[in-house]
Amino acid sequence: ASAEQAAMVVPVQPAEGGQRGYVTVPVYFKAFDQPLAVRIDNPDAGVAGAKVLLVSRDKKVIASHGDGLERGRDASSLAVMARAPDRMSRVDGHRFEVQTELSLDGVPSVATIATIPGVDWGLALWRPQSVAYARYEDVQRLAYGLGAVAVALALLAAFASARSIAAPVLRLVDKAKVIASRRWSEVPAPEARGDEIGELSQAMSDMAKDLETSEEEIRRQTKLRADLGRFVSADLVDAMVRGEHDLRLGGERRPISVLFADVVAFTPMAEQLPPETVVKLLNELFSVLTELVFQHEGMVDKFVGDCVRAVWGAPVPGEDHARRALACAEDMMSFLEAGRDQWRDRYGVELRLAIGVNSGEAIVGNIGPDKRMEYTVGGDVVNVAARLESLAAPNQVLVAEGARALVGDEFELRRLGKKRLTGREKETEVYELTS
């Protein structure tokens with residue numbers, strides 16, 4: 001507080017369910033001078049010549065008329081305040097009021113000292129006895145009237161400021177609720193203000209945009225993980241989502257290894273089993289074969305009927321792609337051998353695979369029309385692997401020269417000689433994986 005102004009704290013009651021708040025507004029004491037002067041100097045009021053003093057709780061002058069006291073001066077030593085309490089506030093829970101006779105500057109006078117209802121301020125009004133007793137009741141009404149005017153002015157100023165501050169704050173609360181419920185399209189525009197509330201509103205709008213963008217990215221990554229998880233291992237999916245391995249648009253030449261694994265005599269087997277049993281059997285078989293491909297860091301390119309096509313060297317390059325493909329073929333055969341009796345007991349059939357493996361350069365990437373584009377591989381190396389799978393006997397793995405040249409003596413490969421494959425004029429050197 002200062003001689004010219006002080007701060008007033010006004011409670012603000014929000015709508016039902018909200019939290020109570022407080023608004024601090026400035027009160028300018030100079031605003032009280034005019035109503036004091038108007039009421040005292042008004043001839044019709046019948047109090048001409050009276051002197052009035054408005055003081056704060058600690059008896060600092062807020063406003064005065066007729067005595068020339070400076071605003072902010074300590075009035076506790078004045079004779080007119082001799083009967084007032086130490087602090088102008090309620091005494092034992094009741095409003096303080098006293099009328100007294102005293103001599104002021106040698107003139108017998110009558111004074112009224114009282115606390116103002118609603119605020120801890122005091123009002124002192126005094127006149128010579130000669131005129132005071134004639135209009136005592138008028139003076140008392142005047143005292144209360146002046147107090148009411150002072151409080152009304154203060155409250156009007158407080159509520160005006162409270163409304164101007166509380167309204168945008170409540171709008172910010174509503175905005176926060178919309179953001180919390182993730183209704184991004186309903187988030188209000190920022191407040192067009194140049195103060196702190198405007199800055200807070202802009203920050204909340206920016207935060208909502210960031211959260212919406214983050215949610216879209218999470219949805220994109222979740223869909224990408226779900227799509228890729230059907231074809232590659234979880235570790236490889238994580239690397240692709242982090243951007244460590246790029247799924248290029250269009251095709252590029254790259255050395256790869258391709259494996260085709262087909263269920264031998266599937267059609268006769270399907271004819272003797274109910275369709276639901278056939279689907280269940282294939283799902284179980286493909287689940288195991290897919291997991292074996294993942295363990296050897298390969299990609300399941302696609303399922304074609306009862307055949308699985310797996311690729312190594314794409315989308316992640318690797319110099320040992322041929323070794324991984326042949327190791328996976330060995331594990332597939334080992335799995336069938338270990339589970340032969342179990343498959344027979346459960347489904348009454350004996351599962352056998354024919355596998356073809358080849359290595360060489362192929363076109364890899366997103367291939368196909370815009371609306372049906374998929375990441376796959378294509379080229380002669382793929383066709384040769386498919387022809388070897390068709391040529392293979394039950395539980396046999398045939399390997400082309402391209403793969404054998406890359407693995408050397410690491411695997412037991414028996415040379416079968418040159419074979420003429422369907423659709424190819426040139427003969428192909430074929431080997432059998434015997435390990």
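Residues Y347 and E284 bring a donor and an acceptor atom of their side chains to less than 3.5 Å of each other. Checked by atom type, the side-chain pair E97/Q99 shows a donor-acceptor distance below 3.5 Å.
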Could you walk me through whether F411 and E330 satisfy the side chain to side chain contact (heavy atoms under 4.5 Å, CB included) test, starting with their C-alpha distance in whole Å, then the side-chain angles of each, then the deciding distance to 0.1 Å, before giving a yes or no? CA-CA 10 Å; F411 295 86; E330 284 185 334; 3.5 Å; yes

Start with the C-alpha gap between E427 and K419, add the side-chain angles, then the distance that decides, and say whether salt bridge (charged side-chain N to carboxylate O under 4.0 Å, His left out) holds. CA-CA 5 Å; E427 291 184 336; K419 303 290 183 181; over 6 Å; no

L336 vs R352, side chain to side chain contact (heavy atoms under 4.5 Å, CB included): CA-CA, chis, key distance, verdict: CA-CA 7 Å; L336 283 184; R352 295 176 297 177; 5.5 Å; no

Derivation and outcome, side chain to side chain contact (heavy atoms under 4.5 Å, CB included), residues V349 and L281: CA-CA 10 Å; V349 297; L281 185 152; 3.8 Å; yes

Let me see the working for L416 and R414 under side chain to side chain contact (heavy atoms under 4.5 Å, CB included), right down to the final yes or no. CA-CA 6 Å; L416 300 180; R414 184 168 63 91; 3.6 Å; yes

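Counting only heavy atoms from C-beta outward, the side chains of V304 and R309 never approach each other to under 4.5 Å. Within the 4.5 Å cutoff, no side-chain heavy atoms of K418 are placed close to those of T428. With contacts defined as side-chain heavy-atom distances shorter than 4.5 Å, the pair V293/M332 qualifies. Looking at L53 and V61, their side chains come closer than 4.5 Å, going by heavy atoms from C-beta outward. Within the 4.5 Å cutoff, the side chain of N358 has no heavy atoms near those of the R387 side chain. In this structure, M333 and L353 have side chains that are in contact, with non-hydrogen atoms separated by less than 4.5 Å. Counting only heavy atoms from C-beta outward, the side chains of N395 and V264 never approach each other to under 4.5 Å. In this structure, L391 and L421 have side chains that are in contact, with non-hydrogen atoms separated by less than 4.5 Å.
With hydrogens and angles disregarded, no donor-acceptor distance shorter than 3.5 Å links the side chain of T277 to the backbone of L273.
The existence of a salt bridge linking E70 and R73 is excluded, since no basic side-chain nitrogen approaches an acidic carboxylate oxygen closer than 4.0 Å. Between R415 and E432, none of the side-chain N atoms (NZ, or NE/NH1/NH2) sits under 4.0 Å from a carboxylate O, so this pair counts as no salt bridge. Salt-bridge annotation for E361 and R254: absent, with no side-chain N of the basic residue lying under 4.0 Å from a carboxylate O of the acidic one. Salt bridge annotation for E350-R340: present, with a cationic side-chain nitrogen under 4.0 angstrom from a carboxylate oxygen. Looking at D341 and R344, a side-chain N of the basic residue comes within less than 4.0 Å of a carboxylate O on the acidic one, giving a salt bridge.
From K209, atom NZ reaches atom CD1 of I179 across 11.5 Å, with rounding to the nearest 0.5 Å. Here I256 contributes atom CD1 and I363 contributes atom CD1; the two are 9.5 Å apart, rounded to the nearest 0.5 Å. Note that CH2 of W312 and CZ of R323 are 11.5 Å apart. Values are rounded to the nearest 0.5 Å. Interatomic distance, OH of Y431 versus CG of L388, reported as 12.0 Å (0.5 Å rounding). One finds the SG atom of C328 at 7.5 Å from the CD1 atom of I355 (value rounded to the nearest 0.5 Å). With rounding to the nearest 0.5 angstrom, the OG1 atom of T434 is 10.5 Å from the CD atom of Q396.
Summarising the geometry of L433 relative to L326, their closest heavy-atom pair is CD2-O, 3.9 Å, with the distance given to 0.1 Å. The shortest heavy-atom contact between V384 and A400 is CG1-CB, 4.0 Å. Residues C307 and D262 approach most closely at CB-OD1, 3.5 Å, considering heavy atoms. Between F260 and V258, the closest heavy-atom pair is CE1-CG1, 3.6 Å. Looking at every heavy atom in both residues, S201 comes nearest to A189 through OG-O, 4.2 Å. Pairing each heavy atom of G72 with each of K60, the nearest pair is O-CD, 3.4 Å.
Summarising the local packing, CG of N283 is surrounded by more than 12 heavy atoms from other residues, nucleotides or ligands at distances under 6.0 Å. Within 6.0 Å of atom CD in E319, 12 or fewer heavy atoms from other residues, nucleotides or ligands are found, so the atom counts as exposed in its surroundings.
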